[in-house]
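Have a look at the structure below before the remarks.
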Amino acid sequence: MTEKMSTHQAENDARNENILIYVDGELKPRAQATVSVYDSGFMLGDGVWEGLRLYQGTWAFLDEHMDRLFEAAKAIDLDIGMDRDGVIAALRETQQANGMQTDTHARLMVTRGIKMRPFQHPSLSRSGPTVVIIMEHSRPQLPRPIRLATVPHLRGLPMTQDPKLNSHSKLNCILACIAAEKAGADEALMLDVNGFVNTTNACNFFIVRKGEVWTSTGDYCMNGITRQKVIDLCRADGIPVHERNYSLVDTYGADEAFLTGTFGAQTPVGSIDGRTIGDGQLGPVTKRIRALYKGLIEKECA
């Protein structure tokens, strides 16, 4: 069996042992960057987060990421304790302290803060929010296309836990990933509540059929920023693109498949449930979209 990997696999970088991490206004060495065991995020997964990517000194699509962060915080009635400018200043302070300019990934996390007692009610979180920014030197390293396995775990209805929230509560996706690994794959392909192909445990999912790009309706998945950029790029460049319901039958017969996310941009999929997709390699439409996205990043971060 070939080696295990994931969509977030990166080159080893010794500099990450000495990074400084932002914790509630202080920059702390990695070994000292901790939060309380009473923190709402640790205890209950009560918080929201964003993943951001730094290219040539610029945080790509920063406004969109801030929009999503503050919208999610409002949705769960969480006061971040800073305005947009304050959050961006903390991000740039962490970047500067670590001397980072490119090939950098940041995970910006906000929880409801430290609880008075170890119970669920949000009123027990009285200290104000906990804000953490982890920033690493991170260059993707994927030696082969990703293998997916369909799992029984679903991205659910918005009245349970809305999949559009980038919440700290990721157990459903983690269980999906475990199931995929048990099946010999790298990551999980998850269906929606109606049985249509939806997303993976970590990324948005696309297929290509006869030159047309298909992705899910977006009703039951995180509407990723990279996902939307790919849809927009296809429309602008004359590549037919559809947000629609489609089945595993459509997926198995696809000419290409790829994933999108802030970290990996566009990651080719080689097989799903043991079935080779196309020739199992990066396909021509995916390659074209990659080039378009690279051009967009260069323009955004010029």
Side-chain angles (χ1 to χ4, degrees), residues 7-8 40-52 61 63-80 84 87 107-113 119-125 129 148-180 187-207 213-232 241-248 250-251 259-263:
T7 51
H8 293 99
S40 300
F42 173 78
M43 191 172 287
L44 294 162
D46 183 3
V48 291
W49 62 277
E50 283 293 314
L52 301 99
F61 316 123
D63 284 341
E64 288 99 322
H65 282 287
M66 291 297 105
D67 286 345
R68 190 167 67 181
L69 177 69
F70 278 86
E71 184 176 74
K74 183 177 182 180
I76 67 169
D77 201 27
L78 169 60
D79 182 359
I80 293 177
R84 288 170 68 105
V87 173
R107 191 176 183 97
L108 193 164
M109 298 169 281
V110 186
T111 78
R112 207 175 298 275
F119 299 109
Q120 178 180 327
H121 202 286
S123 68
L124 293 170
S125 302
L148 299 179
T150 309
V151 299
H153 307 80
L154 305 178
R155 291 293 183 98
L157 293 165
M159 71 280 284
T160 54
Q161 182 176 323
D162 195 326
K164 292 183 174 65
L165 278 175
N166 237 1
S167 78
H168 280 219
S169 305
K170 301 298 288 184
L171 185 58
N172 185 44
C173 296
I174 293 166
L175 290 173
C177 188
I178 290 169
E187 294 202 359
L189 182 62
M190 303 175 74
L191 307 181
D192 68 22
V193 295
N194 299 304
F196 295 113
V197 172
N198 188 11
T199 184
T200 76
N201 59 275
C203 299
N204 290 123
F205 179 74
F206 290 74
I207 62 172
V213 176
W214 295 10
T215 192
S216 71
T217 62
D219 292 333
Y220 304 103
C221 69
M222 166 58 63
N223 289 180
I225 291 168
T226 309
R227 173 187 185 271
Q228 188 60 52
K229 297 300 179 185
V230 165
I231 292 169
D232 294 343
V241 60
H242 307 285
E243 296 174 83
R244 58 175 297 176
N245 290 323
Y246 61 96
S247 71
L248 283 171
D250 299 314
T251 303
L259 312 179
T260 62
T262 299
F263 176 81

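Numbering starts at 1 and runs along the sequence shown.
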- Message: With heavy-atom distances below 4.5 Å as the criterion, would you say the side chains of L259 and L148 are in contact?
- Response: yes
- Message: Nearest 0.5 angstrom please: N201 CG to E187 CD, how far?
- Response: 4.5 Å
- Short question: side chain of D63, backbone of F61 - any donor-acceptor pair under 3.5 Å? no
- Salt bridge flag under 4.0 Å for residues K164 and E71: no
- Query: Looking at CG of D46 and CG of L124, how far apart are the two atoms once the value is rounded to the nearest 0.5 Å?
  - Reply: 11.0 Å
- Task: Rounded to the nearest 0.5 Å, what's the gap from CZ on R107 to CD on E50? Could you check?
- Result: 10.0 Å
- Are M222 and R68 side-chain neighbours, meaning at least one heavy-atom pair lies under 4.5 Å? yes
- Message: Applying the side-chain contact (heavy atoms from CB on, under 4.5 Å) criterion to H65, which one of T262, L108, V87 satisfies it?
- Response: T262
- Message: Under the side-chain contact (heavy atoms from CB on, under 4.5 Å) test against N198, which residue among T217, D192, V193 passes?
- Response: D192
- Query: Is the number of heavy atoms from other residues, nucleotides or ligands under 6.0 Å of Q120 CD greater than 12?
  - Reply: no
- Verdict with supporting geometry, D77 and R112, salt bridge (Lys or Arg N to Asp or Glu O under 4.0 Å): CA-CA 9 Å; D77 201 27; R112 207 175 298 275; 5.4 Å; no
- Message: Would you call the rings of H8 and F263 parallel, tilted or perpendicular, taking 30° and 60° as the class edges?
- Response: tilted
- Message: With rounding to the nearest 0.5 angstrom, report the CG to OH distance, N194 to Y220.
- Response: 4.5 Å
- Task: Measure the spacing between CG of L171 and CD of Q161 and express it to the nearest 0.5 Å.
- Result: 9.5 Å
- Task: Report yes if the side chains of L69 and I80 come closer than 4.5 Å at any heavy-atom pair, otherwise no.
- Result: yes
- Would you say F42 has more than 12 foreign heavy atoms packed within less than 6.0 Å of its CZ? no
- Item | Within-4.5 Å side-chain heavy-atom neighbours: S216 and M190 | no
- Task: Could you tell me whether the side chain of W49 and the main chain of S167 form a donor-acceptor pair under 3.5 Å?
- Result: yes
- Exam field: side chain T215 to backbone F205, donor-acceptor pair closer than 3.5 Å: yes
- Query: Quick one: CG on L44 to OG on S169, what's the gap to the nearest 0.5 Å?
  - Reply: 8.0 Å
- T200 side chain vs N204 backbone, donor-acceptor pair below 3.5 Å: no
- Query: Taking the side chain as C-beta and beyond, is there a heavy-atom pair between V48 and I76 under 4.5 Å?
  - Reply: yes
- Query: If only atom types and distance count, is the side chain of T111 paired as donor or acceptor with the main-chain N or O of G47 below 3.5 Å?
  - Reply: no
- Taking the side chain as every heavy atom from C-beta outward, state whether V230 and V241 have any atom pair closer than 4.5 Å. no
